[in-house]
Amino acid sequence: MNSKEKLELEIFALQIRIGIIESTYHAGAGHPGGSLSAAEVFAYLYGKEMKYNARIPRLDIRDRFVLSKGHCAPGLYSALAYKGFFPVEDLKTLRQIGSYLQGHPNMNTVPGVDMSTGSLGQGISAAAGMAKAAKYLNKNSVRVYTLLGDGEIEEGQVWEAMMFASQYKLDNLCVIIDANGLQIDGRCEDIMSAEPIDEKVKAFGFDCAVINGNDFDELEGAFEKFHKSEKPFAIIMQTIKGLGVSYMENQVGWHGKAPNKEEYDIAMAELNAKLCELESKRGAK
């Protein structure tokens with residue numbers, strides 16, 4: 001990608017982070033930590049990688065995305081809002097009575113959501129089914145992407161889905177694992193380590209890339225490898241949970257709680273300062 005494209009992705013990722021903080025603060029609940037760690041991959045998927053039309057969310061030939069770690073809906077909602085699927089202002093209604101933006105993605109109410117998720121481990125199975133259906137229907141241009149957490153892959157169903165993907169040679173499936181090292185109860189390595197993740201996915205018949213998931217150049221390289229692979233593909237993203245908000249970074253306590261007013265003000269000041277810096281670079285180009 002050129003410098004202009006990269007700058008636009010950086011701005012988009014910051015907008016996603018702002019949306020995450022806005023939505024969880026106004027909800028008084030939610031999961032900011034794992035949403036923030038995935039901001040770059042949300043930005044890359046919806047800013048460069050995937051084929052979709054926000055005006056026709058159910059377009060038949062679109063690529064599909066399944067948020068297997070459904071509790072990180074604030075990140076997905078923010079990406080969808082900033083790409084025009086629904087008004088950005090609606091992010092402030094997250095989890096509120098009468099809002100269509102529930103705590104976990106609902107494909108029946110939210111434009112752009114391809115699968116209802118929330119029960120961990122199950123989203124990847126839905127994604128594998130979508131990829132198999134695309135093959136069966138000869139929709140060879142359709143790719144399916146799914147995002148999992150590294151705590152989530154402790155679930156056995158994840159590995160059953162990978163066996164299925166390998167058995168049926170689903171080279172149109174990209175499984176993205178957000179390896180931020182933390183889950184709700186603490187460090188993944190202390191609770192149920194899945195390492196070495198790369199060797200495991202290879203043993204299950206996948207090609208894979210291990211990258212810094214908060215770096216757009218490395219994300220681009222990984223997706224280019226996916227495009228060339230003849231097997232289902234896994235991208236193992238090493239990320240920082242809570243990235244972009246200083247007091248949330250690498251802090252397990254921010255897995256599933258919302259900022260209070262003081263914390264919200266600090267987070268928004270940090271994010272808006274960075275956004276202004278990037279937008280000034282855009283204006284100088």
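Position 1 is the first residue of the sequence; numbering continues from there.
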Kindly give the heavy-atom pair with the smallest separation between Met162 and Val175, and that separation in Å.
-> CE-CG1, 4.1 Å
Quiz item: cation-pi between Lys83 and Phe42, 6.0 Å / 45° | no
Lys48 vs Phe223 side-chain heavy atoms within contact, under 4.5 Å | no
Kindly compute the distance separating CG (Leu67) from CG (Leu148), expressed to the nearest 0.5 Å.
-> 9.0 Å
Pairs in or reaching into residues 110-129: which pass salt bridge (Lys or Arg N to Asp or Glu O under 4.0 Å), with residues at least two apart or in two chains?
-> Arg62-Asp114
Kindly assign one of parallel, tilted or perpendicular to the pair Tyr77 and Phe86, based on the angle between their ring planes and the thresholds 30° and 60°.
-> perpendicular
So do the side chains of Tyr264 and Val245 get within less than 4.5 Å of each other, counting heavy atoms only?
-> no
Same cluster (ILVMFWY, side-chain, under 4.5 Å), Leu182 and Val158 | no
To the nearest 0.5 Å, atom CE of Met1 lies from atom CD of Glu8 at 12.0 Å
Please output the side-chain donor-acceptor pairs of residues 100-107 that fall under 3.5 Å, not counting sequence neighbours, one pair per line with the distance.
unit_1	atom_1	unit_2	atom_2	d
Tyr100	OH	Asp90	OD2	2.6
Asn106	OD1	Asn108	N	2.8
Asn106	OD1	Asn108	ND2	3.3

Using the test ring-ring contact (aromatic ring centres under 6.0 Å, His included), find all partners of Phe226 that sit at least two apart in sequence or belong to another chain.
-> Tyr145
pair Glu263-Met248: side-chain heavy atoms closer than 4.5 Å | no
Between CG on residue Leu76 and CD1 on residue Ile20, distance to nearest 0.5 Å | 10.0 Å
For residues Ile236 and Ala179, report the shortest heavy-atom separation together with the two atoms involved.
-> CG2-CB, 4.4 Å
Identify the heavy atoms of Ile153 and Asp150 that sit nearest to each other, and give their distance.
-> CG1-O, 3.2 Å
So do the side chains of Trp159 and Ile124 get within less than 4.5 Å of each other, counting heavy atoms only?
-> no
Return the set of residues passing side-chain hydrogen bond (donor to acceptor under 3.5 Å, both in side chains) with Ser166 (not counting sequence neighbours), or none when no residue passes.
-> none
Salt bridge (Lys or Arg N to Asp or Glu O under 4.0 Å) pairs, two or more places apart, involving residues 236-252 = none
Given side chain to side chain contact (heavy atoms under 4.5 Å, CB included), test Leu45 with Ile176 step by step and report yes or no.
-> CA-CA 11 Å; Leu45 286 168; Ile176 307 161; 4.1 Å; yes
If you link I, L, V, M, F, W and Y whenever their side-chain heavy atoms are under 4.5 Å apart, who else ends up in the same group as Ile56?
-> Leu59, Ile61
Is Lys6 close to Asp217 at the side-chain level, that is, under 4.5 Å between some pair of heavy atoms?
-> yes
Side chain of Ser78, backbone of Gly75: donor and acceptor closer than 3.5 Å?
-> no
Here the salt bridge (Lys or Arg N to Asp or Glu O under 4.0 Å) pairs for residues 169-190, sequence neighbours left out, are Lys69-Asp178, Lys135-Asp171, Arg187-Glu189, Arg187-Asp190
Work out which heavy atom in Ser37 is nearest to a heavy atom in Asn180; give both atom names and the distance.
-> OG-ND2, 3.2 Å
Atom of Ser229, atom of Asp207 and distance for their closest heavy-atom approach | OG-OD2, 2.7 Å
Is the closest side-chain heavy-atom distance between Pro259 and Tyr247 below 4.5 Å?
-> yes
So, the side chain of Thr24 versus the backbone of Gly30: is there a donor-acceptor pair under 3.5 Å, distance only?
-> no
Can you name the side-chain hydrogen bond (donor to acceptor under 3.5 Å, both in side chains) partners of Tyr25, sequence neighbours left out?
-> none
Check whether any side-chain heavy atom of Val142 sits under 4.5 Å from a side-chain heavy atom of Met130, and report yes or no.
-> no
Taking the side chain from Ser23 and the backbone from Pro74, do they hold a donor-acceptor pair closer than 3.5 Å?
-> no
Determine whether the aromatic ring centres of Tyr46 and Phe12 lie less than 6.0 Å apart.
-> no
Which residue pairs pass the salt bridge (Lys or Arg N to Asp or Glu O under 4.0 Å) test with at least one member in residues 21-41, sequence neighbours excluded?
-> Arg17-Glu40
Which residues pass the ring-ring contact (aromatic ring centres under 6.0 Å, His included) test with His26, sequence neighbours left out?
-> none
Heavy atoms of other groups near Lys200 NZ, more than 12 under 6.0 Å = yes
Which heavy atom in Asp215 sits nearest to a heavy atom in Glu218, and how many Å separate them?
-> OD1-N, 2.9 Å
With a 4.5 Å heavy-atom cut-off, do His255 and His71 have their side chains touching?
-> yes
Does Phe206 have any ring-ring contact (aromatic ring centres under 6.0 Å, His included) partners at least two apart in sequence or in another chain, and if so, which?
-> none
Is there a donor-acceptor pair under 3.5 Å between the side chain of Gln15 and the backbone N or O of Tyr82?
-> no
List, by chain and then residue number, the residues other than Leu120 in its hydrophobic cluster (Ile/Leu/Val/Met/Phe/Trp/Tyr, side-chain heavy atoms under 4.5 Å); write none if there are no others.
-> none
Output yes when a side-chain donor or acceptor of Thr146 lies under 3.5 Å from a complementary backbone atom of Val66, and no otherwise.
-> yes
Between Asn250 and Gly242, is there a donor-acceptor pair closer than 3.5 Å when you use the side chain of the first and the backbone of the second?
-> no
